[in-house]
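Everything below concerns the one structure shown next.
In what follows, residues are counted from 1 in the order of the sequence shown.
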Amino acid sequence: MFQYWDIIGTLACLALNLYLFRKHAYWTSRNVPFRQPGFLYGNTKAMGRTEQVGKFFQSFYTDLKGLNPLVGMYNYLRPIALITDLGLVKRILEVDFECFQGRGSYCDEKWDLNESKQGQLSFNELAAQAFGFYYAGLETCPALLTWTLYELSNAQVLQKKARQHVKTALAKFNGEMIFESISMMTFLDQIVKESLRKYPPIPVLIRETTTHYQIPNSTTTLEAGTPIYIPVYAIHHDPELYPAPEKYDPERFSMNTKRDPYTWIPFGEGPRACLGKQLSIMQAKIVLAYLLINYRFSIGKKCSMPLEVDVKCFVLTPKDLWLKVERI
């Protein structure tokens, strides 16, 4: 009896191992580089448990970049394509965007005016678009402002420069905070964009193939339903794209600086880019302008340095941040 169940157990283990082997052969069969998956979790055991999502994908990006336009990994048994090439990022987000379903995207082609048969929106459809536009801007603004104030608290010279820049712009419009005066605050634009580079609120963009998709200039074909991950945080911290990426430097976004637009994608790009992009930046500039002309910020005594991120939060969020605020 013991031998019978011993044989059954051995056969069951063999069958399970064979099943896992076949499931984990997805990338091998496509000649795509991948990191060897674990027994149950695949490659994602640490994600959201001991590593923040953005930093988790950064390690894969850094280790495997240059081997292939995409690299493979597994979430449990499900294969995931991690994009490491900017040209392929552009294909997914813009050129071939119709081949990929957007996840967490604020664009809904069902109500796109270009797709509408009558070229018109009802009141309810228009209200839904307006709400989505407003909500999209609100979602990222708190995290953006938090990180920006943290960096300005660490760099008092930069904070003073930003404050004087705001005062100069307001002085040209009788101190009024209006669209024209805000538009003149170009240095605040640089600050906000650098914050979004170093701390993108959404650290990874997620898409999914809607049909079989052949990777351009390769023999690799992804099956319909394959998750596609674009590692925004990793791209924004790539030293080949941004020298000394951990340094907070708004001059990266000065008027004279030119770079591939797909090196900066905190809101995505292409037809499914976040609708709240301009609203979020404008909101951040207005709030920063008001705060800078009225308050001085510095690191609080309770704040632990270096600052840590909340590993369990998908949105890039600081952990235990304390700032000292003084009225000017």
Side-chain angles (χ1 to χ4, degrees), residues 11-89 91-93 96-97 99-105 200 202-238 265 268 272 309-316:
L11 291 175
C13 288
L14 289 173
L16 177 61
N17 282 321
L18 180 61
Y19 174 75
L20 292 175
F21 176 79
R22 288 180 176 177
K23 281 292 185 178
H24 286 162
Y26 185 89
W27 296 119
T28 303
S29 65
R30 287 164 173 77
N31 296 316
V32 172
F34 67 97
R35 188 181 287 180
Q36 192 65 35
F39 175 73
L40 179 60
Y41 291 96
N43 301 112
T44 59
K45 184 177 182 179
M47 185 175 67
R49 294 178 177 87
T50 59
E51 291 184 58
Q52 204 278 335
V53 174
K55 292 182 179 293
F56 171 80
F57 284 108
Q58 183 186 25
S59 66
F60 280 80
Y61 175 92
T62 302
D63 291 346
L64 302 176
K65 179 193 173 188
L67 298 178
N68 204 54
L70 63 86
V71 296
M73 56 187 303
Y74 294 91
N75 183 21
Y76 293 91
L77 299 178
R78 193 177 189 188
I80 293 173
L82 184 70
I83 311 304
T84 60
D85 177 74
L86 293 182
L88 185 53
V89 171
R91 300 282 305 201
I92 293 169
L93 296 182
D96 298 329
F97 81 95
C99 298
F100 302 89
Q101 174 182 336
R103 286 185 171 185
S105 173
I202 307 301
V204 58
L205 298 176
I206 303 174
R207 297 291 186 266
E208 187 174 285
T209 53
T210 58
T211 184
H212 283 36
Y213 181 78
Q214 182 169 345
I215 303 301
N217 303 316
S218 79
T219 58
T220 302
T221 299
L222 302 180
E223 293 180 357
T226 302
I228 306 292
Y229 282 51
I230 299 173
V232 178
Y233 183 90
I235 292 171
H236 286 191
H237 287 76
D238 187 335
I265 48 174
R272 291 195 177 96
V309 298
D310 187 344
V311 298
K312 296 183 179 180
C313 188
F314 179 80
V315 174
L316 201 62

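- Between Gln52 and Tyr233, every side-chain heavy-atom pair lies at or beyond the 4.5 Å cut-off.
- Within the 4.5 Å cutoff, no side-chain heavy atoms of Leu205 are placed close to those of Val89.
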Between Tyr229 and Ile206, does the side chain to side chain contact (heavy atoms under 4.5 Å, CB included) criterion hold? Intermediate values first, please.
CA-CA 5 Å; Tyr229 282 51; Ile206 303 174; 4.1 Å; yes
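- Residue Ala81 comes nearest to Leu222 through the heavy atom pair CB-CD1, 4.4 Å, listed as atom of the first residue, atom of the second, then distance.
- Partner of Asn43 under the side-chain contact (heavy atoms from CB on, under 4.5 Å) criterion, out of Phe34, Phe60, Tyr76: Phe60 alone.
- Listed by first then second residue, pairs satisfying side chain to side chain donor-acceptor pair (under 3.5 Å) with a partner in residues 57-73 read Arg35-Asp63, Tyr61-Asp238, Lys65-Asp238, Lys65-Glu240, not counting sequence neighbours.
- Shown here for Phe97 and Arg272, the closest heavy-atom pair between the two residues is O-NH1, 2.8 Å.
- Sorted by first then second residue, the salt bridge (Lys or Arg N to Asp or Glu O under 4.0 Å) pairs that include residues 38-51, not counting sequence neighbours, number zero.
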Quick one, Ile202 with Val315, criterion side chain to side chain contact (heavy atoms under 4.5 Å, CB included). Give me CA distance, side-chain angles, the key distance, then yes/no.
CA-CA 5 Å; Ile202 307 301; Val315 174; 4.1 Å; yes
Quiz item: When you look at Leu70 and Trp27, which way does the side chain to side chain contact (heavy atoms under 4.5 Å, CB included) test go after all the steps?
Solution: CA-CA 11 Å; Leu70 63 86; Trp27 296 119; 4.0 Å; yes
>> Between Phe57 and Met47, is the side chain to side chain contact (heavy atoms under 4.5 Å, CB included) condition met? List the steps.
In response: CA-CA 8 Å; Phe57 284 108; Met47 185 175 67; 3.6 Å; yes
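- When all heavy atoms of Gly54 and Pro203 are compared, the pair lying nearest together is CA-CB, 3.5 Å.
- Residues Thr209 and Ile228 meet the side-chain proximity criterion, which asks for heavy atoms closer than 4.5 Å.
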